[in-house]
Peer 1: 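Okay, here's the structure, questions in a sec.
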Amino acid sequence: MTVTLIWLIAFAVILFLALRAWDGSLGKMIMRRIPAALQLGGDDRWVWSIALAVLGATFIVNPISMLLTLIILALFYWIAKRVGCWLMRRVKLH
């Protein structure tokens, strides 16, 4: 119960700060980094702020699991990139 309460408080604080900072540098940074296909128009503020709040609150409550998950995802990305480059060198495209 305590962990849930801490998560909810962290979620609310991060969501409030993200929504408040959206018109400043946060919104500009996110809009610059995401592709046009993922931009929703007027709802971007809420979608991305909630996503950041969920990730931030989870990282505050359970940092070791989040770090291990990020390390595993980075490792999968690195392996996929290496295998993809190796396959592209082997495949003749003409």
Side-chain angles (χ1 to χ4, degrees):
M1 181 70 180
T2 311
V3 173
T4 305
L5 185 62
I6 292 170
W7 190 91
L8 287 173
I9 291 170
F11 174 80
V13 169
I14 294 171
L15 180 63
F16 174 74
L17 293 174
L19 287 173
R20 204 166 135 216
W22 185 263
D23 293 329
S25 61
L26 180 65
K28 292 175 186 172
M29 180 199 60
I30 290 177
M31 287 303 152
R32 212 176 35 235
R33 298 215 187 271
I34 62 172
L38 293 178
Q39 294 179 2
L40 302 173
D43 294 335
D44 283 338
R45 173 186 194 129
W46 287 98
V47 171
W48 290 104
S49 294
I50 290 173
L52 287 174
V54 167
L55 288 174
T58 306
F59 190 77
I60 288 172
V61 170
N62 209 352
I64 300 300
S65 294
M66 286 291 287
L67 284 175
L68 289 175
T69 302
L70 290 175
I71 290 170
I72 288 171
L73 287 173
L75 185 62
F76 283 151
Y77 174 77
W78 181 75
I79 290 171
K81 186 176 176 182
R82 291 290 178 177
V83 169
C85 289
W86 178 76
L87 284 174
M88 290 304 286
R89 276 188 270 127
R90 296 295 223 173
V91 172
K92 296 189 187 281
L93 297 175
H94 55 283

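If you're wondering where the values come from, they're calculated on a predicted model, not measured in any experiment.
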Peer 1: Can you get from V13 to L8 by hopping between Ile, Leu, Val, Met, Phe, Trp and Tyr side chains that sit under 4.5 Å apart?
Peer 2: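 V13 does not cluster with L8.
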
Peer 1: Hydrophobic cluster membership, with links at side-chain heavy-atom distances under 4.5 Å among I/L/V/M/F/W/Y: are I14 and W22 in one?
Peer 2: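 No, no single cluster joins them.
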
Peer 1: In this structure, would I9 and V54 fall into the same cluster of hydrophobic residues linked by side-chain contacts under 4.5 Å?
Peer 2: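 No, it is not one cluster - the side chains of I9 and V54 are not joined through contacts under 4.5 Å.
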
Peer 1: L87 and I79: same hydrophobic cluster, using ILVMFWY side-chain contacts below 4.5 Å?
Peer 2: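 Linked, L87 and I79 end up in one cluster.
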
Peer 1: Could you tell me the separation between the CD1 atom of I34 and the CE atom of M29, rounded to the nearest 0.5 Å?
Peer 2: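 Interatomic distance, I34 CD1 to M29 CE, rounded to 0.5 Å: 10.0 Å.
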
Peer 1: Hey, what do you get for CG (L67) to CG (N62), rounding to the nearest 0.5 Å?
Peer 2: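 The CG atom of L67 sits 10.0 Å away from the CG atom of N62.
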
Peer 1: Check I50 against F11 and note the closest heavy-atom contact, atom names and distance.
Peer 2: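 So the minimum-distance heavy-atom pair works out to O-CE1, 4.0 Å.
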
Peer 1: So if I apply the side-chain contact (heavy atoms from CB on, under 4.5 Å) rule between L52 and each of L17, L26, L19, which one comes out positive?
Peer 2: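 So, applying the side-chain contact (heavy atoms from CB on, under 4.5 Å) to L52 and each of L17, L26, L19, only L26 qualifies.
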
Peer 1: Test side-chain contact (heavy atoms from CB on, under 4.5 Å) on M66 and L55 and set out the steps.
Peer 2: CA-CA 9 Å; M66 286 291 287; L55 288 174; 4.0 Å; yes

Peer 1: Spell out, yes or no, whether L73 and I64 are grouped together once hydrophobic residues are joined by side-chain heavy atoms under 4.5 Å, including indirect joins.
Peer 2: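 Shared cluster, no.
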
